K.L.:
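Supplied in structure tokens, the structure appears directly below.
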Amino acid sequence: MVNKDATANTDQLPEAELLALLDRTALPRHIAIIMDGNGRWAELRGLPRIAGHTEGIKSVRDMITLCRDLGIKALTIYAFSQENWKRPAIETNALMMLLEQYLQHELDALIETGVRFRAIGQIDSMPSSAYNWVRKVERNTAHLDKMTLTVALSYGGRSEIVDAVRQLAQDCMDGKVQPEAIDEPLLAGYLSTHGLPDPDLLIRTSGEARISNFLLWQLAYTEMYFTPTLWPDFRRREALLALLEYQTRERRFGGRVSDTHSQSRT
Ligand code: IPE
Ligand code: IPE
Ligand code: MG
């Protein structure tokens with residue numbers, strides 16, 4: 001799958017040419033994104049931070065459309081971390097309102113394009129009106145299968161693992177699971193991402209090179225792409241550059257280069 005020439009001098013190319021360079025047989029099955037830099041995007045323009053969050057929604061739409069166009073079946077986006085509750089109420093309230101407006105506005109479009117919406121994280125710690133919209137959009141798109149859009153809300157990777165282990169311990173105590181039967185796939189089945197393949201590609205915008213408590217279990221062998229571009233500026237072209245860079249990576253999963261073609265991804 002390695003396409004070493006894919007990123008040579010691509011930065012200036014128009015979108016159509018970037019698309020033509022993509023190897024359609026070697027696309028990620030699942031892309032995860034840490035959408036960062038909305039606040040800085042707004043501050044650079046002398047705007048309130050919420051203006052950056054609002055603009056960032058356009059990048060979310062672009063990513064959903066691009067994944068749909070390319071046949072990438074899973075997109076998982078980090079919209080709000082557990083730690084983001086530390087921010088001033090004026091910002092967290094505005095973010096919750098924006099989420100609610102997005103869900104109200106986008107429900108029909110998600111249904112029309114066959115996108116299943118799923119939320120992961122401690123959704124019940126959200127204000128009830130935002131919570132109700134999350135559940136409504138989940139219910140109304142549950143039957144769709146062109147693509148799964150997972151949105152991490154009030155999400156923390158460590159709590160996700162703790163919750164999974166607590167449930168697993170309960171199932172052991174109830175005699176439903178024998179401790180000797182616990183293995184990686186079984187534990188993964190208790191995580192909120194159950195049913196999705198692990199992400200092949202993680203994108204983080206805004207120049208930060210950290211995971212910030214996102215998908216700690218699932219990212220074990222994910223390719224990481226860090227870009228200085230701020231999230232509201234991360235549009236289709238930027239995403240194509242990320243995909244082309246991904247196609248230059250040699251994925252070995254601990255094996256040797258010559259073995260990688262026989263490696264199966266889980
Ligand atoms: C990412 O943008 C969105 C959320 C975390 C909700 P930020 O709000 O973190 O933007 P910066 O990092 O301050 O620029
Ligand atoms: C990570 O961004 C969370 C989301 C993008 C939702 P942050 O801006 O909260 O991360 P840190 O604080 O810089 O690690
Ligand atoms: Mg940030």
Side-chain angles (χ1 to χ4, degrees), residues 30-64 67 74-103 105-106 117-127 129-131 133-134 137 148-161 191-193 196 199 201-219 222-235 238-239 242:
H30 182 180
I31 301 178
I33 307 181
I34 302 177
M35 311 184 289
D36 201 8
N38 295 350
R40 276 163 283 172
W41 184 93
E43 281 155 19
L44 279 170
R45 288 161 179 77
L47 297 169
R49 292 175 60 85
I50 193 67
H53 298 311
T54 306
E55 189 67 18
I57 291 181
K58 296 182 189 164
S59 302
V60 171
R61 289 203 187 97
D62 261 25
M63 286 306 299
I64 297 172
C67 288
L75 172 65
T76 298
I77 56 178
Y78 203 6
F80 194 89
S81 71
Q82 260 176 4
E83 291 77 15
N84 287 148
W85 290 116
K86 291 179 196 161
R87 296 187 182 195
I90 187 160
E91 184 170 353
T92 57
N93 288 338
L95 279 164
M96 290 300 135
M97 214 139 69
L98 207 59
L99 167 73
E100 201 179 318
Q101 283 168 5
Y102 170 80
L103 292 171
H105 191 263
E106 226 69 9
F117 170 88
R118 262 171 76 170
I120 56 171
Q122 299 192 331
I123 313 298
D124 49 12
S125 63
M126 295 184 356
S129 55
Y131 172 90
W133 269 99
V134 164
V137 177
T148 300
L149 170 68
T150 305
V151 182
L153 291 165
S154 193
Y155 174 88
R158 286 189 173 175
S159 328
E160 179 188 37
I161 294 171
L191 297 174
S192 57
T193 49
L196 289 172
L201 171 64
L202 172 82
I203 296 170
R204 182 169 188 153
T205 55
S206 89
E208 312 297 350
R210 54 177 169 265
I211 300 300
S212 299
N213 204 11
F214 192 39
L215 302 178
L216 296 179
W217 171 279
Q218 299 86 340
L219 295 177
T222 301
E223 294 297 327
M224 308 279 167
Y225 179 84
F226 298 111
T227 170
T229 303
L230 303 173
W231 177 249
D233 293 326
F234 193 90
R235 297 291 161 83
E238 290 278 336

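Just so it is clear, the structure is predicted and the values come from calculations on it, not from any experiment. Counting starts at 1 for both ligands and their atoms, following the listed order. No hydrogens, no waters, no symmetry mates; every other heavy atom, side chains included, goes into these values.
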K.L.:
Where does Arg87 meet ligand 1, judged by heavy-atom distances below 4.0 Å: at the side chain, the backbone, both, or neither?
P.N.:
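For Arg87, the contact with ligand 1 is made by the side chain alone.
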K.L.:
Return the closest protein heavy atom for atom 10 (O) of ligand 1 as residue, atom name and distance.
P.N.:
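I find the closest protein heavy atom is Gly39 N, 2.9 Å.
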K.L.:
Indicate yes or no for a side-chain donor-acceptor contact from Thr229 to the backbone of Phe234 under 3.5 Å, with no hydrogens or angles considered.
P.N.:
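It does not hold such a pair.
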K.L.:
Under a 4.0 Å heavy-atom limit, does Phe214 contact ligand 2 with its side chain, its backbone, both, or neither?
P.N.:
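The answer is neither.
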K.L.:
Run through Glu160, Glu83, Arg158 and flag the one making a side-chain hydrogen bond (donor to acceptor under 3.5 Å, both in side chains) with Asn213.
P.N.:
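Result for side-chain hydrogen bond (donor to acceptor under 3.5 Å, both in side chains) with Asn213: Glu83.
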K.L.:
Which residue and non-hydrogen atom of the protein lie closest to atom 12 (O) of ligand 2, and at what distance in Å?
P.N.:
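Ranking protein heavy atoms by distance from atom 12 (O) of ligand 2, first comes Arg210 NH2, 4.6 Å.
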K.L.:
Examine the proximity of ligand 1 to Asn84 and report which part, side chain or backbone, both or neither, has a heavy atom under 4.0 Å away.
P.N.:
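Only the side chain of Asn84 comes within reach of ligand 1.
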K.L.:
Short question: side chain of Arg118, backbone of Ser192 - any donor-acceptor pair under 3.5 Å?
P.N.:
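The answer is yes, because a donor-acceptor pair under 3.5 Å joins these two groups.
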K.L.:
For atom 13 (O) of ligand 1, which protein heavy atom lies nearest, and how many Å away is it?
P.N.:
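I find the closest protein heavy atom is Arg49 NH2, 2.9 Å.
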K.L.:
Just how far is it from atom CE of Met97 to atom NE2 of His53, taken to the nearest 0.5 Å?
P.N.:
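Rounded to the nearest 0.5 Å, the CE-NE2 separation comes out at 12.5 Å.
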K.L.:
Looking only at N, O or S atoms, which one in Asp36 sits nearest to the Mg ion (ligand 3)?
P.N.:
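Asp36's closest N, O or S atom to the Mg ion (ligand 3) is named OD1.
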K.L.:
Considering distance alone, does some N or O of Trp41 sit under 3.5 Å from an N or O of ligand 1?
P.N.:
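No; the residue has no nitrogen or oxygen that sits under 3.5 Å from a nitrogen or oxygen of the ligand.
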K.L.:
When you measure from atom 14 (O) of ligand 2 to every protein heavy atom, which one gives the shortest distance, and what is it?
P.N.:
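Result: Ser212 OG, 2.6 Å.
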K.L.:
Drop me the distance from Ile77's CD1 to Ile120's CD1, to the nearest 0.5 angstrom.
P.N.:
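Result: 10.5 Å between the selected atoms.
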K.L.:
Identify, by atom number and element, the atoms of ligand 1 in contact range of His53, meaning under 4.0 Å from any of its heavy atoms.
P.N.:
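Checking each atom against His53, I get 3 (C), 8 (O).
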K.L.:
Side-chain contact, heavy-atom cut-off 4.5 Å: Lys58 with Pro232?
P.N.:
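No, every pair of side-chain atoms sits at 4.5 Å or beyond.
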K.L.:
Could you tell me which atoms of ligand 2, counted from 1 in the order shown, lie closer than 4.0 angstrom to a heavy atom of Phe80?
P.N.:
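It comes down to these atoms of ligand 2: 6 (C).
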K.L.:
Should the pair Trp85 and Phe80 be assigned to parallel (<30°), tilted (30 to 60°) or perpendicular (>60°) ring geometry?
P.N.:
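If you compare the ring of Trp85 with that of Phe80, the planes turn out perpendicular.
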K.L.:
In this structure, does ligand 1 have an atom that sits under 4.0 Å from one of the heavy atoms of Gly37?
P.N.:
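The answer is yes: ligand 1 sits under 4.0 Å from a heavy atom of Gly37.
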K.L.:
Have a look at ligand 1 and work out which part of Glu43, if any, has a heavy atom under 4.0 Å from it: side chain, backbone, both or neither.
P.N.:
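Contact part for Glu43 vs ligand 1: neither.
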K.L.:
Other residues, nucleotides and ligands only: do more than 12 of their heavy atoms fall within 6.0 Å of CZ on Arg45?
P.N.:
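Count over threshold, so yes.
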K.L.:
Identify, by atom number and element, the atoms of ligand 1 in contact range of Arg40, meaning under 4.0 Å from any of its heavy atoms.
P.N.:
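Under 4.0 Å from Arg40, ligand 1 has these atoms: 11 (P), 12 (O), 14 (O).
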K.L.:
Mind checking whether Ala79 contacts ligand 1 via backbone (N, CA, C, O), side chain (CB onward), both or neither, at a 4.0 Å heavy-atom cut-off?
P.N.:
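It is the backbone that touches ligand 1; the side chain stays farther off.
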K.L.:
Please determine if Arg40 and Glu55 form a salt bridge, counting it only when a charged side-chain N lies under 4.0 Å from a carboxylate O.
P.N.:
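No, no charged N to carboxylate O under 4.0 Å.
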K.L.:
Less than 4.5 Å apart, any side-chain heavy atom of Leu191 and any of Leu215?
P.N.:
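Not in contact.
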K.L.:
Suppose we measure from atom 5 (C) of ligand 2 to each protein heavy atom; which comes out shortest, and what is that distance?
P.N.:
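The protein heavy atom lying closest is Met35 O, 3.3 Å.
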K.L.:
Heavy-atom distances under 4.0 Å are what count here, so tell me which part of Glu208 touches ligand 1: side chain, backbone, both or neither.
P.N.:
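No part of Glu208 comes within reach of ligand 1.
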K.L.:
Does CD1 belonging to Ile90 count more than 12 external heavy atoms closer than 6.0 Å?
P.N.:
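Not buried by this count: 12 neighbours or fewer within 6.0 Å.
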K.L.:
Please write down residue, atom name and distance for the protein heavy atom closest to atom 2 (O) of ligand 2.
P.N.:
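Nearest protein contact, heavy atoms only, for atom 2 (O) of ligand 2 is Arg204 NH2, 3.6 Å.
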